[in-house]
Structures are given as C-alpha cells and as structure tokens.
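Working notes for the structure below.
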Amino acid sequence: MDRKPVIGASAAELAFGWFQRIIAGYCLLFGVLYWVRLIGFYDGPLWRFDLMPVHWQIAAVTLSVFYPFAASGLWMLASWGPVIWFICAATEVVMYAGFPDLFGARPAIVWSHAFVALLYVAFRITIFMQKRRQARHG
C-alpha cells in the first residue's frame with residue numbers, strides 16, 4: 001500500500017499519516033533526550049556517558065541513534081519508519097519491564113509504547129478493511 005497522501009485518500013489514511021508524524025515528533029524528542037544524557041547536559045546521577053554503567057551506555061547509545069532514525073522514517077511515511085520505532089519501543093519495554101533492577105521501572109513508558117502499537121494496528125486493520133471493501137464494490 002502506498003502511504004503517501006494522494007487525492008482521494010480516505011479519512012483513515014489521512015489520520016494515519018498524521019498519527020505517524022505525531023509519533024515522529026515524539027521519537028525525535030526521545031532521541032534528543034538520550035543525546036542530552038550522553039553528552040552530560042542532564043543534571044542527574046550517573047547521567048554522563050563515562051559515568052554510566054555499561055548496560056546504560058549500550059542502551060543510551062543505541063536509542064540515541066535509532067529514535068531520530070525512526071522519527072525521519074515516520075515523518076516521511078516510509079515503510080521502514082514503524083519498524084525502527086518498534087525496535088526502539090521493544091528495547092525500552094525490555095529495559096523498563098524486563099530489567100527494572102538495572103534501568104528502573106517506568107510503567108508509563110511501557111504503557112505508552114503498548115498504546116501506540118495498538119493504535120498502529122487499529123489504523124492498519126481499518127485501512128485494510130476499507131481497501132478490501134473498496135476492491136469488492138469497485
């Protein structure tokens with residue numbers, strides 16, 4: 001399916017495009033926040049790269065690169081944008097839900113990723129059903 005807005009796109013397709021761009025904004029913000037931590041601008045304990053434990057160094061470096069990459073893919077409505085976002089979301093879910101003793105427990109982040117994933121699936125199903133109905137009726 002071509003995700004670029006075209007004349008005659010359904011309301012669901014247009015809303016899906018805006019949804020992806022809103023999530024792109026959040027991804028860019030999260031990427032910047034990870035960069036702030038890496039360069040030591042954040043005033044908190046162990047929030048400078050050379051002071052971080054190794055598990056935080058790996059997570060912070062990975063997410064500081066992947067989040068802006070996901071943001072650009074989502075903003076351009078590229079098919080790989082949601083895939084990169086999923087990698088970021090899955091990484092944070094594993095960090096905060098799977099290893100709360102290492103990364104801390106952040107249920108709000110885990111639930112927000114789950115909510116965005118559910119909205120994404122709902123949009124995809126809705127658009128699929130609309131295309132299917134349109135193909136039948138012609």
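A quick note: this is a predicted structure, and the numbers were derived from the prediction, not measured.
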Heavy-atom side-chain contact between Leu119 and Val116 under 4.5 Å: no
Test item: Met95 and Leu102 side chains (from C-beta on) under 4.5 Å apart, heavy atoms: no
Atom pair CG/OH of Leu33 and Tyr26 - distance to nearest 0.5 Å: 12.0 Å
Thr126 side chain reached by Met129 side chain, heavy atoms, under 4.5 Å: no
Between Tyr120 and Phe16, ring centroids under 6.0 Å: yes
Beyond-backbone contact of Arg21 with Leu77, side-chain heavy atoms, under 4.5 angstrom: yes
Over 12 non-hydrogen atoms of neighbours within 6.0 angstrom of CZ in Phe103: yes
Trp35 side chain vs Ser64 backbone, donor-acceptor pair below 3.5 Å: yes
Nearest-0.5 Å distance, CG of residue Leu51 to CD of residue Gln57: 9.0 Å
Gln20 side chain to Gly17 backbone, donor-acceptor under 3.5 Å: no
Joint hydrophobic cluster, Val61 plus Leu28, side-chain heavy atoms closer than 4.5 Å: no
Spatial distance of atom CZ (Phe69) from atom CD1 (Ile84) [nearest 0.5 Å]: 5.0 Å
Pair Phe49 + Trp56: ring centers closer than 6.0 Å: no
Joint hydrophobic cluster, Tyr34 plus Ile58, side-chain heavy atoms closer than 4.5 Å: no
Gap separating the CZ atom of Phe19 from the CG atom of Leu74, nearest 0.5 angstrom: 8.5 Å
Within residues 100-112 or reaching into it, pairs that qualify as side-chain hydrogen bond (donor to acceptor under 3.5 Å, both in side chains) - sequence neighbours excluded: Tyr96-Arg106
Side chain proximity check, Phe99 to Val94, heavy atoms < 4.5 angstrom: yes
Note, Glu13 side chain near Lys131 side chain (heavy atom, < 4.5 Å): yes
Separation of Ile22 CD1 from Trp75 CH2 (nearest 0.5 Å): 9.0 Å
ILVMFWY network linking Val121 to Phe128, side-chain heavy atoms under 4.5 angstrom: yes
Whether over 12 other heavy atoms sit under 6.0 Å from Phe86 CZ: no
Close side-chain approach of Val110 and Glu92, heavy atoms under 4.5 Å: no
Heavy-atom pair with the smallest gap, counting every atom of Ala97 and Pro100: O-CD, 3.7 Å
Closest contact, heavy atoms only, Ser72 versus Trp80: OG-CH2, 3.8 Å
CA sep, side-chain torsions, deciding dist, call: Leu38, Met52, side-chain contact (heavy atoms from CB on, under 4.5 Å): CA-CA 9 Å; Leu38 286 177; Met52 289 180 184; 4.2 Å; yes
Reported CD1-to-NE2 distance for the pair Ile23 and His113, which is rounded to 0.5 angstrom: 10.0 Å
Side-chain heavy atoms of Ile39 within contact of Arg48, under 4.5 Å: no
